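All of these numbers come straight from a predicted model, not from anything done at the bench. In the text below, chain A, chain B and the rest are named by the order of the sequence lines, each starting its count at 1. Atoms considered below: every heavy atom in the structure, side chains included; atoms not considered: hydrogens, waters and symmetry mates.
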2 protein chains.
Amino acid sequence: MRTELRKSGVEESLQPVHLQALMYLARANRYSNTPQALAEYLGLTKGTVSQTLLLLDRRGLVERFEDDIDRRVVRLRLSTVGEQFLSDSQPTLSWANATRNISPNRIRNAVSALREALTQLQLDNEGSTFGACNSCRQCQRLSQRVSRCGLMGDRISGPETRKICWFFEPKTEEVA
Amino acid sequence: MRTELRKSGVEESLQPVHLQALMYLARANRYSNTPQALAEYLGLTKGTVSQTLLLLDRRGLVERFEDDIDRRVVRLRLSTVGEQFLSDSQPTLSWANATRNISPNRIRNAVSALREALTQLQLDNEGSTFGACNSCRQCQRLSQRVSRCGLMGDRISGPETRKICWFFEPKTEEVA
DNA sequence: CTTTTTCGTATCGACCCGATACTAATACCG
DNA sequence: CGGTATTAGTATCGGGTCGATACGAAAAAG
């Protein structure tokens with residue numbers, strides 16, 4: 001998979017880590033679009049990630065702007081060019097194709113097992129557990145279209161509940 | 001997982017790719033313990049891998065010696081120190097631990113699906129398909145303890161049939 | 001016996017990555 | 001309040017990865 005990532009980036013002379021950063025930012029929700037969250041996600045130091053973002057900014061793939069209420073934090077988002085690049089290069093396409101002969105049911109089971117292992121791994125290492133609102137303990141369903149985050153107190157739209165959050169807490173079904 | 005690899009290597013100041021090389025060499029069979037096979041496995045160029053091996057050799061973790069019949073090829077094997085280091089650092093231990101609450105059956109199913117996807121991915125990209133003799137098309141069972149490789153014509157011991165081979169060919173159950 | 005191909009190495013430049021030191025903004029606490 | 005501590009992010013430096021290119025030596029092809 002890393003080899004595939006490398007191929008996807010070679011055209012724009014981007015390294016695998018750059019692709020991973022772009023892919024993360026495309027899926028990060030409003031609490032998670034910061035250098036710090038990205039560093040946590042990638043397992044790198046904030047200094048390293050700062051350099052990565054500097055490069056992506058120079059290339060015009062991401063935009064950086066400061067937070068309204070805490071002026072220390074930097075908010076990140078993909079630029080139009082960045083989104084276009086991601087949808088053109090499709091870094092995960094070949095992996096998705098490789099699963100074409102596997103039944104949806106087997107895929108669901110494998111994904112479920114892998115997700116469980118990942119959550120456990122993150123808990124063991126006291127790292128952040130990234131995940132989507134719709135499987136987060138804090139998510140409260142308000143209506144068909146709107147949810148609410150019990151941790152932050154904000155209303156979350158339907159599409160945003162499928163984005164990745166830094167404060168994700170797995171639903172406790174026996175975290176032995 | 002890359003973060004875990006990084007942690008395992010930090011004590012000896014080894015990079016993730018060094019750990020991956022050592023882990024590969026620990027599992028490579030007699031046909032696959034060469035720089036070329038390792039480069040194919042890691043998805044890197046032979047030049048890059050040559051540098052990696054130079055470093056691992058200097059550190060005394062691997063040994064290089066030339067092949068008897070083809071004096072161009074270099075044979076690789078873990079040194080005693082290298083084996084000791086691998087068994088001490090246990091790079092995959094935390095991942096194995098993370099699956100402790102998942103039933104063996106679910107793990108088997110997930111592994112099976114992943115292996116299928118990996119093979120398909122490798123076929124799509126015309127890359128080598130690494131795998132163990134015991135699930136290779138060329139493997140002929142001679143007795144309870146000895147098999148035979150139909151491609152190379154050599155007799156393969158029981159333990160060696162569980163090692164990774166560069167010439168692996170998946171058993172054809174409909175490679176659509 | 002050439003010519004070509006193959007396996008591996010050497011060198012160079014661009015870049016990743018962590019460590020350290022630093023600035024600026026916020027939080028804490030008497 | 002006011003001073004200290006903490007936090008988000010940046011700047012800089014050095015060691016090391018990685019691919020491209022060039023190269024040497026052995027084997028294969030013709």
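Between the CZ atom of B/F65 and the C1' atom of C/dC7 there is a distance of 16 Å, rounded to whole Å. Taking atom CG on B/L55 and atom C1' on D/dC18, their separation rounds to 14 Å, with Å as the unit. Atom CD of A/E40 and atom P of C/dG18 are 12 Å apart (whole Å). Between the CZ atom of B/R58 and the C1' atom of D/dG16 there is a distance of 10 Å, given to the nearest Å. When the P atom of C/dC15 is taken as reference, atom CZ of A/R6 falls 14 Å away, rounded to whole Å. Atom P of nucleotide C/dG8 and atom CG of B/L53 are separated by 9 Å, given to the nearest angstrom. Computed from coordinates, the B/N33 CG to C/dC7 P distance equals 14 Å when rounded to whole Å. Distance, A/Q51 CD to C/dC15 C1': 11 Å, rounded to whole Å.
Within 6.0 Å of the CZ atom in A/R27, the count of heavy atoms belonging to other residues, nucleotides or ligands does not exceed 12. Heavy-atom contacts from other residues, nucleotides or ligands closer than 6.0 Å to CZ of A/R115 number 12 or fewer. Within a 6.0 Å sphere centred on CZ of B/F130, heavy atoms belonging to other residues, nucleotides or ligands number more than 12. More than 12 heavy atoms of other residues, nucleotides or ligands shown are found within 6.0 angstrom of CZ on B/R106.
The backbone N or O of A/A37 lies less than 3.5 Å from a partner atom in the side chain of A/T34, making a donor-acceptor pair. No donor-acceptor distance shorter than 3.5 angstrom exists from the side chain of B/T92 to the backbone of B/W95, with no hydrogens or angles considered.
Listed in residue order, the members of residues 12-20 of chain A having a heavy atom less than 4.0 Å from DNA chain C are A/Q15, A/V17, A/H18.
Residues A/L25 and A/F168 do not share a hydrophobic cluster, defined by chaining ILVMFWY side chains whose heavy atoms lie under 4.5 Å apart. The cluster map of Ile, Leu, Val, Met, Phe, Trp and Tyr, joined by side-chain heavy atoms under 4.5 Å apart, puts B/V10 and B/L5 in different clusters.
Among the nucleotides C/dG18, C/dC7, D/dG9, the one closest to the side chain of A/L44 is C/dG18.
The ring pair (Phe, Tyr, Trp, His ring centres under 6.0 Å) check on A/F85 picks up nothing, with sequence neighbours excluded.
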For nucleotides 20-30 of chain D, just jot down a letter per nucleotide in 5' to 3' order: B, S or -, based on protein non-hydrogen atoms under 4.0 Å. ------BS---

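The residue A/T52 sits apart from the nucleic acid: no heavy atom pair falls under 4.0 Å. Across all strands, B/R64 comes closer than 4.0 Å only to sugar-phosphate atoms, never to a base (heavy-atom distances).
Residue whose closest nucleotide on DNA chain D sits further toward the 5' end, between A/R2 and A/V73: A/V73.
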